[in-house]
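One structure is given below, encoded as structure tokens.
Chain letters run A, B, ... following the sequence lines, proteins first, then strands; residues in each count from 1.
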Number of protein chains: 2
Amino acid sequence: MSQKRQLLIDTALELFYNNGINSIGINEVLTTSGVAKRTLYSHFKSKDELVMAALQQRHDRFSRWLEAKLSAASSDREVIGCLFGALRSWFGNNEPELGNFRGCFFINTSAEFSDLDSEVAQFCRHHKLEVRRIIAGHLHSDDPLLLDTLCLLKEGAIVTAHLTGSGEAVAARCMEILTQRP
Amino acid sequence: MSQKRQLLIDTALELFYNNGINSIGINEVLTTSGVAKRTLYSHFKSKDELVMAALQQRHDRFSRWLEAKLSAASSDREVIGCLFGALRSWFGNNEPELGNFRGCFFINTSAEFSDLDSEVAQFCRHHKLEVRRIIAGHLHSDDPLLLDTLCLLKEGAIVTAHLTGSGEAVAARCMEILTQRP
DNA sequence: TTTCGGGTAGACCAACCTGTCTACTTTTGG
DNA sequence: CCAAAAGTAGACAGGTTGGTCTACCCGAAA
């Protein structure tokens, strides 16, 4: 069905991710995509609905990407290697399907929407839970402490990579930290 | 000198931290503080300048707070305890001087300002470096891997606490992770 | 007493925001 | 082949933004 709808979502996601949702107006999405305003509002009844569609799109894409990256791992040690190897590659802008690295879209979006009960904030929580579930699904032991460690270090790495810019060193450091454990 | 200036900074910081900088207009700062617009623009030549003053204020307050929390520690193990104990207390809204917990002001602000060269983004980087320096100053061994571990887990904890809401459990988990190492 | 810095209230400006609307054109399926 | 669906351009409405400006007030120091 409608390819314009998909074009709008793709354009919105890229602009939102690169500039923040509040910094991007509807008109910028329209001029960038070359779609008419009327068309946008025939597919989405408000900007919020477009935002939700962009979040969903990012979530799907990121989940598929992560799942593929972890699928090769056949031991916990390999899961660690795959996970932080993938992150390092992302931080270094070598994962075209995820776009130019600018932190985690869901962390960034949460920072912009203060109302914790809003649909947007709820979806961000949902995303993080799903990512955790994906990682858990690839670990052999179901040591909850290991899972928490991976998730916490992953979040720390993403934020630090975004803020400092030295993302690849950060990801490598995470692997050092984790391989130094029993 | 001028107490109005300080009142403006305090009001702006609270509003910015609780709602995000782009969501708060100058007029909201004015009505909340009860100060006239003319007065604001006699102290700050633009909103950006007010934003910078708010960032500086937050940085000073947070640094002093952290320094005080870590000053009691006399061993690396105690530094870990003090650090994540302080974070747990912050996450649980038991640190009035830091206000109601809503993540890290600098991480949130970085998410809103995409230009990495902007004064705002530079200050956020500076803040994180300073915090790292404070932690390093209280560690006895100068094991860089330990320092990195603490900083990464700290960022992960802040982000996760903000996104999921279960902050105190997260901080406790970090301590478990760290005490389980040699 | 006069002068002046710091303050107030609020009208005003240009730019931008989301969202609606009219009027017209293109695409596509039965 | 023609009707319905999907698209276009862009004016418009009503509100908000950051920022400027005029006109006035007050208290303290020279």
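B:Glu49 places its CD atom 14 Å from the C1' atom of D:dG18, with the value rounded to the nearest Å. Residue A:Lys47 contributes atom NZ, which lies 13 Å from atom C1' of D:dT16 at whole-angstrom precision. Taking atom CG on A:Asn22 and atom P on C:dC17, their separation rounds to 12 Å, with Å as the unit. If you measure from atom CD of B:Glu28 to atom P of D:dG15, you get 17 Å, rounded to the nearest angstrom. Here D:dA6 presents its P atom at 14 Å from CG of A:Leu8, a figure rounded to the nearest Å. Rounded to an integer number of Å, the gap from CG of B:Leu40 to P of C:dA9 is 14 Å. Across the protein-nucleic acid pair, A:Arg5 atom CZ and D:dT8 atom P stand 15 Å apart, rounded to whole Å. The CG-P distance, from B:Asn27 to D:dT20, rounds to 14 Å in whole Å.
Side chains of A:Leu153 and A:Phe84 form a contact here, defined as non-hydrogen atoms less than 4.5 Å apart. Taking 4.5 Å as the limit, every side-chain heavy atom of B:Glu78 sits out of range of all side-chain heavy atoms of B:His138. A 4.5 Å side-chain heavy-atom check between B:Cys82 and B:Lys69 finds every atom pair outside the cut-off.
In this structure, B:His43 reaches the C:dG7 phosphate: one of its side-chain N or O atoms is under 4.0 Å from OP1 or OP2. Within the structure, every side-chain polar atom (N or O) of A:Lys4 is placed at least 4.0 Å from both OP1 and OP2 of D:dG7. An OP1 or OP2 oxygen of C:dG7 is reached within less than 4.0 angstrom by no side-chain nitrogen or oxygen of B:Thr39.
One N or O donor and one acceptor, one from the side chain of A:Lys37 and one from the base of C:dG19, sit under 3.5 Å apart.
Side-chain rings of A:Phe105 and A:His127 stay apart, their centers remaining 6.0 Å or farther from each other.
B:Glu67 and B:Arg64 are not joined by a salt bridge, as no carboxylate oxygen comes within less than 4.0 angstrom of a charged side-chain nitrogen.
Within the nucleic acid shown, B:Leu30 has no heavy atom closer than 4.0 Å to any nucleic acid atom. Among the protein residues, B:Ser46 comes within range of the sugar-phosphate backbone only, with heavy atoms under 4.0 Å from sugar or phosphate atoms but none that close to a base.
Side-chain atoms of B:Tyr41 lie closest to D:dG19 of the nucleotides D:dG19, C:dT18, D:dT8.
Where A:Ile24 and A:Arg38 meet DNA chain C, the nucleotide closest to each residue was compared, and A:Ile24 sits on the side nearer the 5' end.
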